[in-house]
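Chain identifiers are assigned alphabetically (A, B, ...) following the order of the sequence lines, protein sequences preceding nucleic acid strands; residue numbering begins at 1 within each chain. Just so it is clear, the values below take in all heavy atoms, side chains as well, and ignore hydrogens, waters and symmetry mates.
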Protein chains: 2
Amino acid sequence: MDTLQPGPAPGPPPCTACRLRKAGAFTAVSADEMAFIESFRASTLNRPAGSTLMHEQKPGGKLFTLYAGWAFRYKTLSDGRRQILNFLLPGDLIGLQQEFSDGAMHGIEAVTDVSLCVFPRDGLWELFRRYPNLGYDITWLAAREEGMVDDNLLTAGRRNAAERVAMLLMHLYRRLERLGLVQDGSVEFPINQQHIADILGLSLVHTNKTMRRLQQLGLHEIRNGRLWLRNPKALQRLADYYDAPLRRAPLL
Amino acid sequence: MDTLQPGPAPGPPPCTACRLRKAGAFTAVSADEMAFIESFRASTLNRPAGSTLMHEQKPGGKLFTLYAGWAFRYKTLSDGRRQILNFLLPGDLIGLQQEFSDGAMHGIEAVTDVSLCVFPRDGLWELFRRYPNLGYDITWLAAREEGMVDDNLLTAGRRNAAERVAMLLMHLYRRLERLGLVQDGSVEFPINQQHIADILGLSLVHTNKTMRRLQQLGLHEIRNGRLWLRNPKALQRLADYYDAPLRRAPLL
DNA sequence: CGATGTCTTGATGAAATTCAACTCGAGTGG
DNA sequence: CCACTCGAGTTGAATTTCATCAAGACATCG
């Protein structure tokens, strides 16, 4: 039902005016490459919060760059149990694996209203051929995303509930910080406790109790859709989180 | 201590005589590309079971293709809890993420004696430039590995102990089958219960009890380092595993 | 104002961890 | 050749963590 109608907000501007590139979180590209990316971009698109950007079963689908908003990749078991694999933030490339991977697919859903840059999947090969740098960049992005899933697997497999929550808060805060999205010591935080339970591999109730406890201990605060890290040191210690400074990422 | 001495067994042969390519599990390459891969390959290497192929902390490291044997990628928390991220089987490319990903690294350890084809990491860029197909292939491999980690995250996050074991057995059996390594209805199975606990996110004791139960129910049998799936249907149902036929993978 | 979504809390039970032994075979050194 | 150790697998019991069930609070929204 939410598959066709255009979204409400204004879409991304031309690449040369890209808000993301100006923010300094991404690597520079040559004028040549920039022109190619602009021409490679088939269209732009806005989709409302909650819509499915990519279906878990159907292959194909487009290739996107998330320009604004939050989304997540997920998998579900046939009885409905859902695991979120990772969150997608502005600048992330979406839908690359659908092209390649064996086995079952994953779905992608928008958390907030999102705007997207759309690329034709069958142009990917031409991109590799004509602009090897960009091909290299795409591999970079794929490897980085795998690194994030690696971290989430360590979290789900080996950390207890409090450690998991602490890890997630640190991780998201740092990523948003890298994107320049910290304002007045807090970041926008549009996900609810069900999302958090689903990425951490916990039940909703247990997630709630754990977060309540951490908040009451003064480690963090979530209010009005924003997140404050009230005691980042303690969160970091609890999560056993190590702050490798995030590098600039490529941006398609 | 196990960093320098050469291993015992004979290493991989020239690429033109590669045992893996002949097995039919991998995509064909042109004579041109084959020659490049051969020249790109800096050396071959054998390492004994249990040795560390890549350190969890140190960056750098080489790029390998696993030619024979089993290995695994892992991460550990500072108090020693270990999570295996995925198992590496012949044909898998090793060490790609070290080049790219932010954040903490992962380690790689050999389960059995292994033999490896070694590629210089700084030649990767030239590969992308001169042979875009191969660059594309590398992205393919990265995306496929991410898909495997995705599956493992779903397993660790949402399946119970019995389902996790069933999933792992199906998954590994199918991969080995794809490589043509099934003999007399069984496959070599060199990992121990600690490895299994470490990839499934379970304790050793609980893993043992769960596997014992499944074995006694006649679902599988592990004996003398080999694995039989005695009731694949039941395992598949238990794991909620869907058998997307594995495609041919690229091979570097 | 009723309906809905999200957050919250307590009670109960199931699942998994931890602790502690014990078995069995494969070395290994006296 | 025989203790002895060591790694891997096995098992029972006690304990902890987490899931499930049930219900209520609160805000938003048509």
Side-chain angles (χ1 to χ4, degrees), chain A residues 48-51 70 77 79-84 109-112 155-169 188-217 220-227 238, chain B residues 48-51 70 77 79-84 109-112 155-169 188-217 220-227 238:
Chain A
S51 55
W70 289 42
L77 295 174
D79 66 358
R81 281 175 284 177
R82 179 173 79 166
Q83 178 67 39
I84 293 182
E109 185 178 316
V111 176
T112 63
T155 294
R158 291 296 164 207
R159 281 186 245 250
N160 65 31
E163 293 166 346
R164 293 185 206 196
V165 170
M167 182 68 193
L168 179 68
L169 298 180
E188 227 193 305
F189 203 70
I191 58 180
N192 62 30
Q193 295 188 346
Q194 185 65 64
H195 291 117
I196 297 178
D198 283 352
I199 195 175
L200 296 181
L202 295 170
S203 71
L204 176 60
V205 173
H206 197 57
T207 300
N208 176 282
K209 288 173 179 169
T210 305
M211 293 189 69
R212 206 86 242 295
R213 192 155 49 83
L214 296 192
Q215 179 146 344
Q216 252 148 14
L217 289 171
H220 76 282
E221 184 175 350
I222 294 173
R223 190 166 39 79
N224 299 330
R226 299 193 69 81
L227 163 69
L238 179 56
Chain B
S51 55
W70 288 43
L77 295 174
D79 66 358
R81 282 175 283 177
R82 179 173 80 167
Q83 178 68 39
I84 292 181
E109 185 178 316
V111 175
T112 63
T155 295
R158 290 296 165 211
R159 282 188 244 250
N160 66 31
E163 293 166 347
R164 293 186 206 196
V165 169
M167 181 67 192
L168 179 67
L169 297 181
E188 226 193 305
F189 203 70
I191 59 180
N192 62 30
Q193 294 188 345
Q194 185 66 62
H195 292 117
I196 296 177
D198 283 352
I199 195 175
L200 296 181
L202 295 170
S203 70
L204 176 60
V205 172
H206 197 54
T207 300
N208 176 282
K209 287 171 179 169
T210 305
M211 294 188 69
R212 207 86 242 296
R213 191 155 49 83
L214 296 191
Q215 179 146 343
Q216 252 147 14
L217 289 172
H220 77 284
E221 183 175 353
I222 294 173
R223 191 165 38 80
N224 298 332
R226 299 193 70 81
L227 163 69
L238 180 57

- Side-chain-base donor-acceptor pair under 3.5 Å for A:K209 and C:dG10: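 A donor-acceptor contact between them is present.
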
- Side-chain N or O of A:N208 less than 4.0 angstrom from OP1 or OP2 on C:dT8?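 Indeed, a polar side-chain atom of A:N208 lies that close.
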
- Query: Is the distance from OP1 or OP2 of C:dC7 to the nearest side-chain N or O of A:R212 less than 4.0 Å?
  - Reply: no

How many Å lie between [atom1] on [X] and [atom2] on [N], as a whole number?
X	N	atom1	atom2	result
A:E163	C:dT17	CD	P	14 Å
B:N224	C:dA26	CG	C1'	14 Å
B:Q194	D:dC6	CD	C1'	15 Å
A:N160	C:dT18	CG	P	10 Å
A:H206	D:dT16	NE2	C1'	10 Å
A:I222	C:dC7	CD1	P	9 Å
B:L204	C:dA21	CG	C1'	14 Å
A:M211	C:dT9	CE	C1'	16 Å

- Among D:dC18, C:dA16, D:dA8, find the nucleotide with the atom closest to the side chain of A:A161. D:dC18

- Task: Determine the contact category for B:G225: base if any of its heavy atoms lies under 4.0 Å from a base atom, sugar-phosphate if only primed atoms, P, OP1 or OP2 are that close, otherwise nothing.
- Result: nothing

- Message: Counting the atoms with a prime plus P, OP1 and OP2 as sugar-phosphate, which does B:L202 contact under 4.0 Å by heavy atoms, base, sugar-phosphate, or nothing?
- Response: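 Sugar-phosphate only.
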
- Will you find, in the side chains of A:H195 and A:D198, an N or O donor that is under 3.5 Å from an N or O acceptor? no

- In terms of heavy-atom contacts, does CD of B:E188 have more than 12 from other residues, nucleotides or ligands at under 6.0 Å?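 Open: at most 12 neighbouring heavy atoms sit under 6.0 Å from CD of B:E188.
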
- Task: Using the closest heavy atom to pick a nucleotide of DNA chain C for each, name whichever of A:Q216 or B:G201 lands nearer the 5' end.
- Result: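 Comparing both residues, the 5'-ward one is A:Q216.
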
- Item | Spacing of CG belonging to A:L200 relative to NE2 belonging to A:H206, to within rounding of 0.5 Å |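 Between A:L200 CG and A:H206 NE2, I get 10.5 Å after rounding to 0.5 Å.
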
- Query: Just by distance, do the side chain of B:E163 and the backbone of B:N160 share a donor-acceptor pair under 3.5 Å?
  - Reply: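 It does hold such a pair.
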
- Query: Does B:R226 offer a backbone N or O that forms a donor-acceptor pair with the side chain of B:N224 under 3.5 Å?
  - Reply: no

